[in-house]
Amino acid sequence: MAPAVATRRLRKELINLKTEPPPGIIAEPDESNILKWHYAIRGPTETPYEGGIYIGKIIFPPEYPMAAPSVYMLTPSGRFQISTKICMSMTDFHPESWNPMWKVATIIQGIQSFMASDELTTGGLRASEKDRKTFAKLSMNYNQKHYPKLFEGDIEAALEAADQACGKAEMENAKTSCSASNDQKASSSRRSRRMARKAASSGGGNFSQDDENASSQDNGDDNNQTDNNDAPSTTTEKELTPEEIEKRRKKNAKKRAKQKAKKAAAVTQEKGTEP
């Protein structure tokens, strides 16, 4: 029986692979042993393996994720020996380079990438480009003959479903990122407008009536935005430029000067009418 830590980690990774799978990759654990997984990958594009589908297996140690797994390729490819451990930096051939943050998806993507290289290590082999293309064409028949029960007996359908899930996850992530960016921009714009109005009225120490009304309107806008983030904006506003701020300040100063003059005139008039 697998240790609890490894079991929890691998179950979590299985959920992630189902909901947000990397492109061209599927994987599932053995029903009776969660430490044993089978994977299937599409051959890397623009290589002799393109068009092929390759099955492999990963054997996780009980210490996972603190220890590296063993990786095998089971479908002939002309790149790896079948049913033989493959030497990679993220396998038990190199425990010193293993990173516990690496996940099942990371390992399989590493295999897919390593397949496209020409580096020859333990578990690898050399073959002509012609032979590798032939293996790619024969890969599906080989898989159906030797591993008919994997992925519910239909690897191509499983890969297609994973591609659809990958596309859906990418769209959701893009929407979330766009929404967060728009909210941040709207908040920054409102804050900038309030600061601009304060700067414009700083000469007299108080807001003018126009500024108070505008500030109240902004506060109302903020509250409406909080209550209903999905409501479209009905007004178009822009940040004040330094020239506009200076113009606003001078205008407010003139208003205050006129108010003082009127007040002084009223006081003078009252004194003149006294008996």
Side-chain angles (χ1 to χ4, degrees), residues 2 10 13-14 17 21-62 64 67-95 97-98 102-160 162-163:
L10 289 171
E13 294 188 32
L14 177 60
L17 276 170
I25 289 174
I26 53 175
E28 63 181 10
D30 187 274
E31 293 182 357
S32 60
N33 182 8
I34 198 170
L35 296 178
K36 179 182 178 181
W37 286 52
H38 283 95
Y39 65 86
I41 59 174
R42 297 187 189 276
T45 58
E46 300 181 359
T47 70
Y49 317 105
E50 184 173 5
I53 295 178
Y54 304 89
I55 292 175
K57 68 178 180 180
I58 303 174
I59 305 299
F60 295 93
Y64 182 81
S70 301
V71 175
Y72 303 79
M73 183 69 77
L74 303 179
T75 303
S77 62
R79 175 68 176 89
F80 301 115
Q81 300 175 40
I82 61 172
S83 302
T84 302
K85 278 188 180 184
I86 300 172
C87 177
M88 295 171 53
S89 61
M90 53 181 62
T91 68
D92 55 359
F93 271 93
H94 295 281
S97 63
W98 170 252
W102 287 337
K103 302 177 181 179
V104 176
T106 309
I107 297 167
I108 301 174
Q109 285 178 304
I111 298 169
Q112 195 177 42
S113 177
F114 191 56
M115 188 176 191
S117 73
D118 292 324
E119 183 179 353
L120 188 62
T121 62
T122 301
L125 55 82
R126 297 189 185 279
S128 67
E129 181 174 335
K130 180 180 178 181
D131 287 344
R132 289 174 174 177
K133 288 182 177 180
T134 300
F135 282 129
K137 293 178 181 178
L138 298 175
S139 60
M140 280 306 302
N141 289 335
Y142 184 92
N143 295 335
Q144 288 293 338
K145 180 179 179 180
H146 293 84
Y147 306 100
K149 296 182 179 181
L150 287 181
F151 304 104
E152 298 181 352
D154 195 338
I155 297 175
E156 286 185 296
L159 280 167
E160 183 63 29
D163 289 342

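All values below were derived from every heavy atom in this structure, side-chain atoms included, with hydrogens, water molecules and symmetry-related copies excluded. Every value quoted in this text rests on a predicted model; they were computed, and no experiment measured them. We count residues from 1, following the sequence as given.
Using a 4.5 Å cut-off on side-chain heavy atoms (C-beta onward), Ile82 and Tyr142 make contact. Taking the side chain as every heavy atom from C-beta outward, Lys85 and Thr91 never approach each other to under 4.5 Å. Inter-residue side-chain proximity for Phe60 and Val104 is flagged as met; some heavy-atom pair is nearer than 4.5 Å. When side chains are defined from C-beta on, Leu10 does not count as touching Pro29, because their heavy atoms never get closer than 4.5 Å. Counting heavy atoms from C-beta on, the side chains of Ile155 and Tyr147 never come closer than 4.5 Å.
Note that CD1 of Ile26 and CD1 of Ile53 are 7.5 Å apart. Values are rounded to the nearest 0.5 Å. Within the model, atoms CD of Gln112 and CD of Gln109 stand 7.0 Å from one another, a figure rounded to the nearest 0.5 Å. Here the CD atom belonging to Glu28 is positioned 8.5 Å from the CG atom belonging to Leu14, to the nearest 0.5 angstrom. For the atom pair Glu129 CD and Tyr49 OH, the distance stands at 9.0 Å (nearest 0.5 Å). If you take NZ on Lys36 and CD1 on Ile58, they are separated by 12.5 Å, rounding to the nearest 0.5 Å.
Classification of the Trp102-Trp98 ring pair by plane angle, with boundaries at 30° and 60°, yields perpendicular.
When each of Leu17, Ile108, Ile41, Thr106 is tested with Pro22 by the rule side chain to side chain contact (heavy atoms under 4.5 Å, CB included), just one qualifies, namely Leu17.
Shown here for Ser77 and Arg132, the closest heavy-atom pair between the two residues is O-CG, 3.5 Å. Here the closest non-hydrogen pair linking Ala2 and Leu35 is CB-CG, 3.8 Å. Minimum heavy-atom separation, Tyr64 to Lys103: OH-CA, 3.8 Å. Minimum interatomic distance between Phe135 and Gly78 (heavy atoms only, all atoms of both residues): CD1-N, 3.5 Å. For the pair Ala157 and Asp154, the tightest heavy-atom approach, listed with the atom from each and the gap, is N-OD1, 3.1 Å. For Ala162 against Pro21, the heavy-atom pair with the smallest separation is O-CG, 3.2 Å.
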### side chain to side chain contact (heavy atoms under 4.5 Å, CB included) between Tyr39 and Ile111, intermediate numbers included
CA-CA 10 Å; Tyr39 65 86; Ile111 298 169; 3.7 Å; yes

Let me have the donor-acceptor pairs involving side chains of residues 116-124, under 3.5 Å, with sequence neighbours excluded, atom names and distances please.
{"residue": "Ser117", "atom": "OG", "partner": "Arg79", "partner atom": "NH2", "Å": "3.3"}
{"residue": "Ser117", "atom": "OG", "partner": "Phe114", "partner atom": "O", "Å": "2.7"}
{"residue": "Thr121", "atom": "OG1", "partner": "Cys87", "partner atom": "O", "Å": "3.1"}

Pairs of donor and acceptor atoms involving the side chains of residues 68-75, under 3.5 Å and at least two apart or interchain, shall be tabulated with distances.
{"residue": "Ser70", "atom": "OG", "partner": "Asp92", "partner atom": "OD2", "Å": "2.5"}
{"residue": "Thr75", "atom": "OG1", "partner": "Ile55", "partner atom": "N", "Å": "2.9"}
{"residue": "Thr75", "atom": "OG1", "partner": "Asn143", "partner atom": "OD1", "Å": "2.6"}

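Of the possible polar contacts, none joining the Glu160 side chain to the Glu156 backbone as a donor-acceptor pair under 3.5 Å is found. Without hydrogens or angle criteria, Glu13 side chain to Ala105 main chain gives no donor-acceptor distance under 3.5 Å.
Applying the 6.0 Å contact sphere to CD of Gln144 captures more than 12 heavy atoms from other residues, nucleotides or ligands.
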